[in-house]
Amino acid sequence: AQTVTQSQPEMSVQEAETVTLSCTYDTSENNYYLFWYKQPPSRQMILVIRQEAYKQQNATENRFSVNFQKAAKSFSLKISDSQLGDTAMYFCAFMNFLTGANNLFFGTGTRLTVIP
Amino acid sequence: KAGVTQTPRYLIKTRGQQVTLSCSPISGHRSVSWYQQTPGQGLQFLFEYFSETQRNKGNFPGRFSGRQFSNSRSEMNVSTLELGDSALYLCASSLTPETVNTEAFFGQGTRLTVV
């Protein structure tokens with residue numbers, strides 16, 4: 001079974017600063033995907049960034065980047081130049097390559113507050 | 001194009017009743033999954049449907065069931081409601097279950113309160 005752990009229930013960051021959210025996971029699988037999802041107060045989960053386990057290069061999407069350490073089973077999210085609209089719950093998620101795209105294991109989330 | 005639509009948005013039910021929630025996936029998407037989100041347990045996978053067949057199931061009691069119709073719309077049903085079933089129920093759709101389609105698109109959820 002896969003488990004995803006987010007050890008930071010809450011974090012805050014000043015606007016325009018950088019913040020890093022942590023995620024570790026446990027799996028015996030070799031092929032998988034990792035995701036960061038954002039859930040604003042509207043409740044709709046929005047995909048922020050994804051990482052394929054077979055790729056060594058860390059994924060980047062504009063201000064969002066990850067630090068993927070496969071051996072350590074660590075997958076942290078870095079948000080640069082934080083904006084007020086980044087305030088949300090952030091969930092780390094795992095997808096087994098075999099079970100497919102729509103069967104995700106989520107961490108418990110980190111509530112991020114961007115302070116003006 | 002329209003996103004994932006879940007109805008109703010809010011629902012209040014009494015213990016012992018049953019409830020049916022509906023999810024319309026993005027047009028062309030054929031895989032639909034359901035998740036339960038609670039403050040205590042976080043987000044947990046309920047089940048996934050593809051081509052009207054349940055493809056995967058999470059660790060939930062048999063009171064939780066679902067189905068998918070030929071137009072890919074899905075419903076989930078919870079019978080004999082318990083207070084602990086109070087949660088946000090999220091639906092997600094993807095083109096197919098294949099991992100090449102790695103993005104699952106979520107609806108805004110149905111907030112179920114059991115009193």
Side-chain angles (χ1 to χ4, degrees), chain A residues 1-10 23 25 27 29-55 59 61 64 66 68 75 88-111, chain B residues 2-6 9-10 23 25-26 29-51 53-59 66 68 72 74 87-112:
Chain A
Q2 288 77 28
T3 58
V4 180
T5 303
Q6 293 179 250
S7 59
Q8 305 153 312
E10 293 190 26
C23 172
Y25 60 94
T27 183
E29 302 295 332
N30 195 44
N31 294 321
Y32 52 88
Y33 290 82
L34 295 162
F35 305 85
W36 279 98
Y37 277 88
K38 168 185 176 181
Q39 187 179 40
S42 67
R43 306 183 326 204
Q44 186 151 18
M45 299 284 279
I46 301 164
L47 179 65
V48 174
I49 198 166
R50 85 192 81 191
Q51 174 78 43
E52 295 90 332
Y54 60 86
K55 288 188 177 179
E61 288 286 343
F64 300 89
V66 299
F68 174 51
F75 182 62
M89 283 289 289
Y90 286 82
F91 293 94
C92 178
F94 174 100
M95 185 191 81
N96 187 321
F97 191 84
L98 292 177
T99 54
N102 216 351
N103 182 356
L104 298 167
F105 292 89
F106 286 91
T108 51
T110 297
R111 184 177 302 280
Chain B
V4 179
T5 303
Q6 291 188 246
R9 292 289 306 279
Y10 300 91
C23 172
I26 291 171
H29 285 197
R30 293 162 58 202
S31 169
V32 174
S33 286
W34 290 89
Y35 295 84
Q36 181 195 64
Q37 185 176 16
T38 60
Q41 300 295 320
L43 275 152
Q44 293 185 285
F45 172 77
L46 277 156
F47 28 63
E48 178 193 2
Y49 286 88
F50 174 68
S51 292
T53 302
Q54 188 179 86
R55 189 170 172 271
N56 285 300
K57 189 177 190 305
N59 189 24
Q68 186 180 36
S72 296
S74 176
L88 178 67
Y89 290 88
L90 291 167
C91 169
S93 77
S94 63
L95 280 166
T96 67
E98 279 76 35
T99 49
V100 292
N101 303 309
T102 51
E103 184 164 2
F105 294 84
F106 284 81
Q108 288 188 285
T110 294
R111 170 78 65 190
L112 171 65

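A, B, ... follow the sequence lines: proteins, then strands. Residue 1 opens every chain. Atom set for the values below is all heavy atoms of this structure, side chains included, hydrogens, waters and symmetry mates excluded.
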**OP:** Find out whether the Lys NZ or Arg CZ of Arg43(A) is both under 6.0 angstrom from the six-membered ring centre of Tyr10(B) and within 45° of the ring's axis.
**Re:**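 Relative to the ring axis of Tyr10(B), which defines the angle, Arg43(A) lies inside both limits.
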**OP:** Sort Leu88(B) into side chain, backbone, both or neither according to what part of it lies under 4.5 angstrom from a heavy atom of chain A.
**Re:** side chain
**OP:** Please state whether the side chain, the backbone, both or neither of Leu46(B) comes within less than 4.5 Å of a heavy atom of chain A.
**Re:**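 Neither part.
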Original post:
How long is the gap from CD on Glu48(B) to CG on Asn103(A), to the nearest 0.5 Å?
Top reply: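 It is 6.0 Å, given to the nearest 0.5 Å.
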**OP:** Output the distance between atom CZ (Phe106(A)) and atom CD (Gln41(B)), rounded to the nearest 0.5 Å.
**Re:** 15.0 Å
Subject >> Heavy-atom pair with the smallest gap, counting every atom of Gln37(B) and Phe91(A) >> reply: NE2-CZ, 3.4 Å
Subject >> Minimum heavy-atom distance between Phe106(B) and Leu104(A), given as atom pair plus value >> reply: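 What the structure gives for the nearest pair is CZ-CD1, 4.1 Å.
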Chain A: which of [options] shares the most heavy-atom pairs with it under 4.5 Å?
{"options": "Gly107(B), Gly42(B), Pro39(B), Gly58(B)", "value": "Gly107(B)"}
{"options": "Gln44(B), Arg9(B), Arg111(B)", "value": "Arg9(B)"}
{"options": "Phe50(B), Phe47(B), Phe45(B)", "value": "Phe45(B)"}

Original post:
What do you reckon, is CZ of Arg111(A) surrounded by more than 12 foreign heavy atoms closer than 6.0 Å?
Top reply: no
Subject >> Atom NZ of Lys57(B): over 12 foreign heavy atoms under 6.0 Å >> reply: yes
**OP:** Dump the intermediate steps for side-chain contact (heavy atoms from CB on, under 4.5 Å) on Gln39(A) and Leu90(B), then the final yes or no.
**Re:** CA-CA 12 Å; Gln39(A) 187 179 40; Leu90(B) 291 167; 4.1 Å; yes
Subject >> Engaged part of Ser42(A) at the chain B interface, taking heavy atoms whose separation is under 4.5 Å >> reply: both
